[in-house]
Amino acid sequence: MTTEPGGRLVDQLVVAGGRAPGAFTRPTRATAGSPPPGGGRPASVGRPASLRRLGGRRSLPVPGQERVAGQRPGGVRYSSSDELLLSPKGRADMERTTCCVVGGGPAGMVLALLLARAGVAVTVLEKHADFLRDFRGDTVHPSTLALLDDLGLAERFARLPQRRVRTVQLPVGAGRSAVTVADLAVLRGPHNYVAMVPQWDLLDLLADEARREPGFELRMNTEATSFLTESGRVCGVRYRTADGRTGELRALLTVACDGRGSLARLRPELGLRGFPCPMDAWWFRLPRFEGDPRGLFGGAGDRFLTAMIDRGDYWQCAALIPKGSDAERRAAGLPRFLADFTAAVPWIAGRTGALDSWDDVKLLDVRLDRLRRWHRPGLLCIGDAAHAMSPVFGIGINLAVQDAVAAARILAGPLLRGRVSLRDVRGVQRRRGFTTVATQALQRTAHARFIAPVLRGRPPLGSAKRARRAARLIAGMPWTRRLPAYFIAYGALRERPPREAVRSGRPAVAARSTPRPLRGIDDLRGQLLHWRRG
């Protein structure tokens with residue numbers, strides 16, 4: 001507290017954007033009573049109860065209470081660059097959290113769970129009322145299965161309805177069998193398969209586990225509408241609930257996990273870069289009967305490819321069509337498409353009548369792109385918000401989850417200390433940039449050499465004979481079989497969760513900078529780390 005001439009007491013409270021003459025003073029970066037860099041409370045300065053952390057939020061003390069210079073409410077030290085975290089008007093009802101996660105998909109829920117277990121106050125904003133949405137990716141890769149082991153969730157996950165897939169195949173044209181490009185059965189360990197699990201079941205599992213942590217909060221029916229920005233730094237979001245209520249949530253760090261429609265993608269300074277994509281996708285359902293193939297089944301028709309995901313009592317079907325041909329093909333009529341689909345997948349005949357109209361067929365505009373910069377002060381983008389992936393190989397979810405694991409490990413410490421620098425958020429992109437570039441390069445190759453030719457009615461790789469020769473080469477040598485399988489299973493870098501989040505009973509393993517199968521291509525990794533120049 002300070003005293004003005006005349007004896008009036010004035011709160012010593014920093015206000016973003018400046019200070020009132022004679023009323024406010026700026027705290028120093030470090031004072032004798034400040035906590036040490038690793039966190040904690042200074043021995044010589046006490047904290048009133050109003051400054052303690054309150055669950056996932058921190059509230060400002062009311063006028064008349066003591067304020068400690070050099071400490072942010074909640075007992076965490078802050079510097080002049082963090083002034084923007086305080087309300088411009090010093091309101092006592094300002095909502096705040098340490099980390100605001102926008103989007104409750106796989107990346108958002110994994111990040112929130114890991115941070116909450118590490119002791120970070122985290123709030124997730126999810127615009128929908130639940131996780132029950134059709135036509136989402138349902139692949140749970142070995143990297144995510146290993147993560148669930150580390151988190152002590154493997155037993156609960158095993159009880160979810162699921163199918164297992166061990167091979168990844170690409171069709172070589174209508175009437176021809178598919179080419180196996182990866183066989184996960186060659187991998188060592190218990191997780192040599194991809195589990196096909198309804199994504200809403202996985203998200204419910206993660207949310208239920210996260211709710212056990214005192215610092216976790218999940219707000220459903222809450223949509224982030226814009227970012228709060230002060231002095232060039234993102235300091236939270238404005239939101240709107242389903243009943244029309246609006247508000248502001250301030251945070252030390254905001255993480256965009258809201259997919260390829262993310263608000264962050266509208267920011268020109270992040271530099272969205274797109275790549276040509278030869279296809280769009282139609283999604284629809286067909287009944288599944290006992291005796292049908294299990295897991296993932298694919299085929300090729302007249303200028304379209306199909307993938308069918310086993311949901312137990314129905315098939316979730318995808319038909320890849322040439323980019324921009326949706327209107328033309330719909331104009332040809334639904335019976336024409338169903339006849340072509342039946343020709344590509346003969347055993348499905350007799351069930352296509354379940355599609356009554358084109359309203360049952362949803363269009364997905366397939367994109368392949370990435371941000372040149374995933375961050376700015378106070379903001380980080382991960383998952384599809386940072387890099388939209390093609391459905392080829394079904395590895396988009398795997399990358400998003402691994403982004404979240406890396407982000408949690410890198411940022412948990414800075415968030416607990418109350419100081420997240422630009423270097424900290426940049427470190428997440430540096431860690432994950434190589435995997436993103438390498439995976440998108442693989443998908444672009446599949447687009448150009450396999451997908452695009454088939455959609456034009458031509459064989460991949462120039463001829464069916466050449467495609468089969470390439471398949472025999474991949475399957476003929478152990479290392480050529482193991483490398484693509486490992487890449488699809490774990491990515492170019494295998495990520496490990498923060499030690500504080502591990503519940504498996506075994507010690508956490510430090511992540512290697514380069515996995516064993518990729519040690520021979522360090523030069524390539526070094527070049528791809530500079531992907532922003534390309």
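All heavy atoms count here, side chains included; hydrogens, waters and symmetry mates do not.
- One N or O on the side chain of R117 and one on the backbone of L151 form a donor-acceptor pair closer than 3.5 Å.
- In this structure, D360 contributes its side chain and D356 its backbone to a donor-acceptor pair below 3.5 Å.
- At distances below 3.5 Å, at least one donor-acceptor pair connects side-chain atoms of D280 with backbone N or O atoms of G324.
- With salt bridges taken as basic N to acidic carboxylate O contacts below 4.0 Å, none links R260 and D384.
- A cation-pi arrangement is absent between R211 and F216 under the rule of less than 6.0 angstrom and at most 45 degrees off the ring axis.
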Assess the residue pair L205 and R156 against the criterion (side chain to side chain contact (heavy atoms under 4.5 Å, CB included)); give the C-alpha distance rounded to whole Å, side-chain angles, the decisive distance to 0.1 Å, and a yes or no. CA-CA 8 Å; L205 171 63; R156 292 170 60 186; 3.4 Å; yes

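- Of the possible polar contacts, none joining the W315 side chain to the R285 backbone as a donor-acceptor pair under 3.5 Å is found.
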Could you walk me through whether W282 and L320 pass side chain to side chain contact (heavy atoms under 4.5 Å, CB included), step by step? CA-CA 6 Å; W282 281 341; L320 302 183; over 6 Å; no

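- In this structure a side-chain-to-backbone donor-acceptor pair under 3.5 Å is missing from Q402 to T435.
- H141 places a side-chain N or O within donor-acceptor distance of the main-chain N or O of G394, the cut-off being under 3.5 Å.
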Show the numbers, then the answer: is there a salt bridge (charged side-chain N to carboxylate O under 4.0 Å, His left out) between K323 and D365? CA-CA 8 Å; K323 190 74 173 176; D365 178 19; 2.5 Å; yes

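- Salt-bridge check for D258 with K127: failed, with every basic side-chain N at 4.0 Å or more from each acidic carboxylate O.
- No donor-acceptor distance shorter than 3.5 angstrom exists from the side chain of S325 to the backbone of I321, with no hydrogens or angles considered.
- Once rounded to the nearest 0.5 Å, the distance linking CD1 of I410 with CD of E495 reads 7.0 Å.
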S226 vs V237, side chain to side chain contact (heavy atoms under 4.5 Å, CB included): CA-CA, chis, key distance, verdict: CA-CA 6 Å; S226 63; V237 297; over 6 Å; no

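- In this structure, the side chain of E95 does not engage the main chain of L249 through any donor-acceptor pair within 3.5 Å.
- Judged by distance alone, the side chain of R240 and the main-chain N or O of R245 form no donor-acceptor pair under 3.5 Å.
- Electrostatic pairing of E209 and R212 counts as a salt bridge here, judged by a charged N lying under 4.0 Å from a carboxylate O.
- Environment of CD in E269: crowded, with over 12 heavy atoms of neighbouring residues, nucleotides or ligands closer than 6.0 Å.
- F275 is listed as a side-chain neighbour of Q440, based on a closest heavy-atom distance under 4.5 Å.
- Panel note: side chain Q443, backbone V392; a donor-acceptor pair is recorded below 3.5 Å.
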